[in-house]
Amino acid sequence: MQKMVAIFLGCNIPVRLKQYEAASRAVLGKLGVELTDIPEFNCCGYPLRNIDRTAFVLSSARNLALAERQGLDILSLCQCGYGTFRMADHLLKTERSLRAEVNRVLSQEGLQYEGKTQIKHLLSVLFHDVGLDAIRKQVIRKFENVKIAVHYGCHVLRPSNVVGFDNPVAPKIFDRLVDVTGAESIDYPTKLDCCGAPLLGTHNRLSLDFAEKKLVDAQKAGAHYIASACPFCQIQFDTVPRRIEFERGLNYRPLASILYPQLLGLTMGLDEMALGLDRNCGDMNFLGQALVGETVAARSNGMESREYEQAV
Amino acid sequence: MVYTISLYASLAIFCFGLLYRVANWFRYRVDQEAETISTSQRVTAAITGLASTLFSIQILVLLRIFLLDVIFQKYFMKMGALRWFAHMCIYLGFILLLLMHALDKIITNSVFEVYYSTLNPFLFLRNLFGFVILLGLGIALYRRLFSPQPQPKSTVVDYSAIAVLGVIMISGVLLEATKITSHTLYQEMVSDYSGLDEADTDSLSALNAYWVENYGLASPGVKRPFDADTLQTGEELHKGSCMECHSPPQWAFMSYGVSRVLRPAALYLDRSNVHTGLWYIHFLACFLGLAYLPFSKFFHMFSTPIHLFIKGITIHGKSKPANLATFQAIELDACVHCGECTRRCSVAVALNEIPNPNILPSEKHAAFRSLLSGRYISKRNLLRIQEGCHICTECRRCTDVCPVGINLEGLWFNLKRHAANLGYPKPEAWARNTIGSDFIITKFNEERLPLSFDDKTFEKEITGHTQVNTFSLCFGCQNCTNACPVVNSHESPRKALGMLPHEIMHCLALRQKELALGSMMLWDCLTCYLCQEQCPQGVCITDILYQLKNLALKRMKQEA
C-alpha cells in the first residue's frame, strides 16, 4: 500500500483542465495511491517568480507547511508547480534568513516550514512509488502501432540539481511510462525543449513559435500524439494550433495532445468520459481504435479470468 | 426647524446619491462589447426587459429570490451560521426599526388604531429591535477584531458603517433612558394632560410619587419610601390620565436598565437638558446615515437584491447585450465587502511580501469601480491596480465563493483590459515594451559606462543571495548563450535581445547595472533552465535572470 499523499492541483487544473484531475484521480485510484485534498492550498508561487522572490518562496512554503502539518508528501500534477516547490524547498534549506522571514509570516497562522515534506510529480510517483510492474498489472489492453512524442517539460528536468526528477540530458521516466501502454515513445529533435507557455502574454509570437516547432518536429518524427503531464504545456499544445490558425493560417493537420494519465487510463479499461477525453481539443478518435488485444494483454499479465471480467 | 431642514437636506442627498449610483449602472462600460452600446440604449433595454419580466412567468423566479435570498438571506448561509445570524440581526432589526419607529408617522400610525411610542408593544419592540441590531453589530465588530480566521483588512468603509449604526442605536437608547428619568419632561406632560390644578399639591405629589416608584422618574426633593396611601392616590390619578399612553418603562428593557445606571446623575442630566442634546445627536446621526447611505457600504441593501434578481433571470447568450452591459456595472456595486473572496484567494498570501491591497479581490473590486468612475487616479494607484490584477492566477476561487454570485473572474478579465488600455498591461510585457525596447546596445558604445560598485542596494540584491552570487564564477565559455533556445531563434540575437546570457553575467561582475537590468533578454527568457543546466561552473543563470527581473520591475515601479 502506498503512503497517502496530498494532491496539489494548482490554479489552472480545476478551472481549465478538469480532465487532468479526473484522469489522474482515476488512474491513481486504480493503482492504490491514496490522495488527500487540502482545501487551504494556495498558489504554488510560480506566477510570482518574475515579480518577487520572497513572495514566491512564501507562497510555496505555505503549501509545503500545510502538507507538513498533516505529515503528508505533495503530489503535484503541474510541472511548473513541481519545479517551483523544489526550488523554494531548496532555497529554504540553503538560505537561513529567507527561511526565518518565511516562518515569521507562516507562524501568524500557526504554520511552520521544517522541510519534511517530499515533493513529487505525478510521473515520479507512477515511476518510483507505484512502479512499472504494478502499473503493468492494471493494464488490460494495449495500444498497437501508436507513436507518442513525450514532452518532458522544463521545470521537472532542470535545474537537475534542484528538481531531481530524472537525468536532465537523457531522461527516461516518461518514455518508460509510455512503453507500458504499448505505445511507442519516439525521439524527436526538440524533445527536451520548452513548450513556450511562460512567454504567453509577454511575447506571444515567440511563445507560438516554440510550441509550433515542437508540434511540427514531433509530427515529422512520426508521432500520432504528443503527451504531456503539465497543465501549462497541455493548454499550450491544445490551444496553440487554434491560435496559429487564427493568426497565421494553418495548412496542415496539427498534432493532438493528450495527458499521460488519459493515455494510461485507456489501457486500464477506464471509460473515455471518466478520463475527460472529450474535453481535449485535439482529435482523440484514433487512440480508441488503436486499443487492441484486451484478452491477450490481460491474460499475459496473469489476471484471473474473474478479475478480468470485472475489469472489463 | 433644524429637524426639518436636516431631514429634507439629507433626503435630497440620499435621492441624489441613489440617482447617481443608479445612473452609473447605465454609464459604466465594463467589457468590450459594452463600449459599443450607448447609455440610452441600455436604459431602453432595461425598461423593456423589466416590463417583459414582470408580466411573465419569470416573476415566480423573482418571488423565490425575494423570499429565499432577500428575506431569508440564504446566500449568507455560505459564510457560516454565525455570520448569517449577525447579518440577519442587523438587517432584520434595521428594517423593522425603520418601518415601526423611524417611519412611525407614515406607517405605524396608519396601520394601528392606537399608536404611541410610549405604549406597548411599540415600547418593547423598539428596544427589542435595537437590542437585536446591537447584538449583530457586536458580533460583527468582534469578528473583525478578534476572529482567529485570517481576515481581509477591514477598511474605513466597514468601520464607518458600523460606527454610524452604532451611534444611532446608542444615542437612541440613551435618549430614551434620559427621558424616562427626566423631571422636566414629566412636568410638561402633567401640565398638558393631567388636568390637575397647580395648587393641588397633594395630588401632584401623589402622582409624582407613583411615577418615581413605578416609572423610573427622578424627581428633586422627593424621598422614598412613600406611604401606601400616597401611592394609592397616585395610581388612581395615573390610571385616569397617564396609563392610556404610557406602558411601564420596564418594558423598554435596554433604556430602563441604562436609566437605572444613570439615576444618580439623573437630576443633573435633566437640568443640563441632556435629553435634548441626545435627541439632536440621534436624529442627526439618522439623517447623516440616510445621506451617507448611497455612498456607503449600506448601498448594498439596494444593489445586492437587484443583482440577485437580475442574476436569477439573466441567461447568458440569450439576454440582450445592452442588459448584460448594465448587469456588469451592477456587479461592481453588488459587493457587500464580506471578504469571502479574499479569504479563498490563491495569491492573498503574497500580500505579506508585496504590500499592495489590490492583490486581494475584495479590494481590487473597489479599485475597478474607482477606475470606471472617471475620477483622477494617481499613477501610484494605477500601478497598484496593474500589479494586483496581474498577480491574480485566474483560479476562479473568488467567483466560486462569492455569496452574492458576482462574476469576479469576468471583472478581473475586464480590469486587465482597462488597465492595459490606460498603458498598464501585464508587468512583464510592460517592462519588455518600455525597458527592453529602449535598450540599444550601440547607445553605449561611445560613452564610458558607470560602474555601480557603490550602489549598496544593488550590491546587496545581487551578492546577498547564494544563487545569484554565482555570477562571479562565470569564465565566459558561452555555453549558456549557445544552449539558449531564445538566442537561437533569432538571426541577429544581439540586436533582438540586447545582452546575451553570458554577457549579462559579465555585466554583473563589472557591476554594469544599466546593461544588466535593461536587456531585452530578461523579458524574452523562457525560464527553461537549459543555460543553467549546461553551465560547467554552476552559475545559476536562469535564477539570476529571475532576480534581475524582480529588480527591474521594482525599479520601474519606483521610477513611475
Side-chain angles (χ1 to χ4, degrees), chain A residues 10-12 14-16 39 41-43 45-59 62 80 83 87 90-91 94-95 97-98 101 104-106 108-110 154-155 157-163 168-169 190 192-199 201-203 206-207 209-210 213, chain B residues 148 150 344-354 359 387 390-397 399-400 409 425-432 464-468 485-486 489-490 520 522-535 538 540-543 545-547 549-550 553-554:
Chain A
C11 296
N12 268 317
V15 185
R16 283 168 279 275
F41 271 154
N42 53 265
C43 165
Y46 173 66
L48 292 163
R49 291 184 74 170
N50 282 336
I51 312 282
D52 189 288
R53 194 174 89 118
T54 322
F56 122 63
V57 177
L58 172 65
S59 209
R62 185 169 178 275
C80 298
M87 181 56 81
H90 172 77
L91 292 175
T94 47
E95 287 184 32
S97 59
L98 187 66
E101 162 66 11
R104 180 191 66 78
V105 177
L106 290 180
Q108 292 167 6
E109 297 185 60
C154 305
H155 294 146
L157 280 183
R158 299 178 292 264
S160 57
N161 61 333
V162 172
V163 294
V169 192
T190 41
L192 306 184
D193 280 10
C194 178
C195 67
L199 282 183
T202 310
H203 194 346
L206 219 53
S207 172
D209 283 348
F210 285 113
K213 185 155 195 322
Chain B
R344 275 300 283 154
C345 175
S346 184
V347 289
V349 63
L351 191 74
N352 290 294
E353 297 301 329
I354 309 171
I359 292 173
E387 185 175 68
H390 283 285
I391 280 182
C392 167
T393 61
E394 298 167 14
C395 68
R396 209 187 279 170
R397 287 202 219 168
T399 310
D400 289 344
E409 199 202 14
K426 184 179 176 185
E428 289 92 328
W430 182 57
R432 186 173 185 277
H465 308 310
T466 41
Q467 278 187 312
V468 180
V486 178
S489 73
H490 291 288
M520 184 71 114
L522 301 183
W523 312 108
D524 283 357
C525 169
L526 278 167
T527 70
C528 71
Y529 279 102
L530 273 169
C531 51
Q532 189 158 331
E533 195 62 51
Q534 305 276 333
C535 179
C540 302
I541 302 150
T542 315
D543 293 319
L545 296 189
Y546 267 129
Q547 178 72 359
K549 279 183 269 189
N550 287 189
L553 283 176
K554 259 179 213 148

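Order of the sequence lines fixes the chain letters, A, B, ..., with proteins taken first and strands second; residue numbering starts at 1 for each chain.
Considering only heavy-atom pairs separated by less than 4.5 Å from chain B, the leading option among A/P47, A/P168, A/S59 is A/P168. Of the listed residues (B/G538, B/P485, B/C345), the greatest number of heavy-atom pairs within a distance under 4.5 Å of chain A belongs to B/P485. Ranked by non-hydrogen atom pairs under 4.5 Å with chain A, the options B/E409, B/R396, B/Q534 are led by B/R396.
Put simply, CG on A/D52 and CG on B/L553 are 10.0 Å apart, with the number rounded to the nearest 0.5 Å. Taking CG of A/L199 as the reference point, atom CD of B/E428 lies at 10.0 Å (rounded to 0.5 Å). Taking CD from A/E101 and CG from B/N352, the interatomic distance works out to 8.0 Å, rounded to the nearest 0.5 Å. Between the OG1 atom of B/T542 and the CZ atom of A/R49 there is a distance of 9.0 Å, given to the nearest 0.5 Å. Taking NE2 of B/H390 as the start and CG of A/L48 as the end, the distance is 13.5 Å to the nearest 0.5 Å. For the atom pair CG (A/N50) and CG (B/L545), the distance works out to 10.0 Å, reported to the nearest 0.5 Å.
Of all heavy-atom pairs between A/A55 and B/A350, the closest is CB-CB, 4.4 Å. In plain terms, the two heavy atoms of A/R158 and B/C528 that are nearest each other are NE-O, 2.7 Å. Scanning all heavy atoms of the two residues, the minimum distance from B/W523 to A/T202 falls at O-CG2, 3.6 Å. In this structure, B/V486 and A/L206 approach most closely via the heavy-atom pair CG1-CD2, 3.8 Å. Minimum heavy-atom separation, B/L526 to A/G196: CD2-CA, 3.8 Å. Heavy atoms only, all atoms of each residue included: B/H465 and A/E95 are closest at ND1-OE1, 3.7 Å.
Within the 4.5 angstrom heavy-atom criterion, atoms from both the backbone and the side chain of B/L530 approach chain A. For a residue to count as touching a neighbouring chain, one of its non-hydrogen atoms must lie under 4.5 Å from one of that chain's; by this rule B/T393 touches chain A with backbone and side chain alike. With a threshold of 4.5 angstrom between heavy atoms, B/D543 approaches chain A through side-chain atoms but not through N, CA, C or O. For B/C525, the part lying near chain A is the backbone, with the side chain staying farther off; criterion is any non-hydrogen pair under 4.5 Å. Residue A/F56: no heavy atom, backbone or side chain, is found under 4.5 Å from chain B. For a residue to count as touching a neighbouring chain, one of its non-hydrogen atoms must lie under 4.5 Å from one of that chain's; by this rule B/Q547 touches chain A with the side chain only. Contacts of A/L157 with chain B are made by backbone atoms alone, with heavy-atom separations under 4.5 Å and no side-chain atom involved.
Under the 4.5 Å side-chain criterion, counting only non-hydrogen atoms from C-beta, A/M87 is not in contact with B/Y546. Side-chain contact between B/Q467 and A/R53 is present, with at least one heavy-atom pair separated by less than 4.5 Å. You'll find the side chain of B/E533 stays beyond 4.5 Å of the side chain of A/V169, heavy atoms only. Using a 4.5 Å heavy-atom cutoff, the side chains of A/I51 and B/E387 are in contact. You'll find the side chain of A/V15 stays beyond 4.5 Å of the side chain of B/E394, heavy atoms only. Here the side chains of B/E353 and A/V105 are in contact, with some heavy-atom distance below 4.5 Å.
The local environment of NZ in A/K213 is sparse, with at most 12 non-hydrogen atoms from other residues, nucleotides or ligands closer than 6.0 Å.
Looking only at distances, no side-chain donor or acceptor of A/H155 sits under 3.5 Å from a matching main-chain atom of B/Y529.
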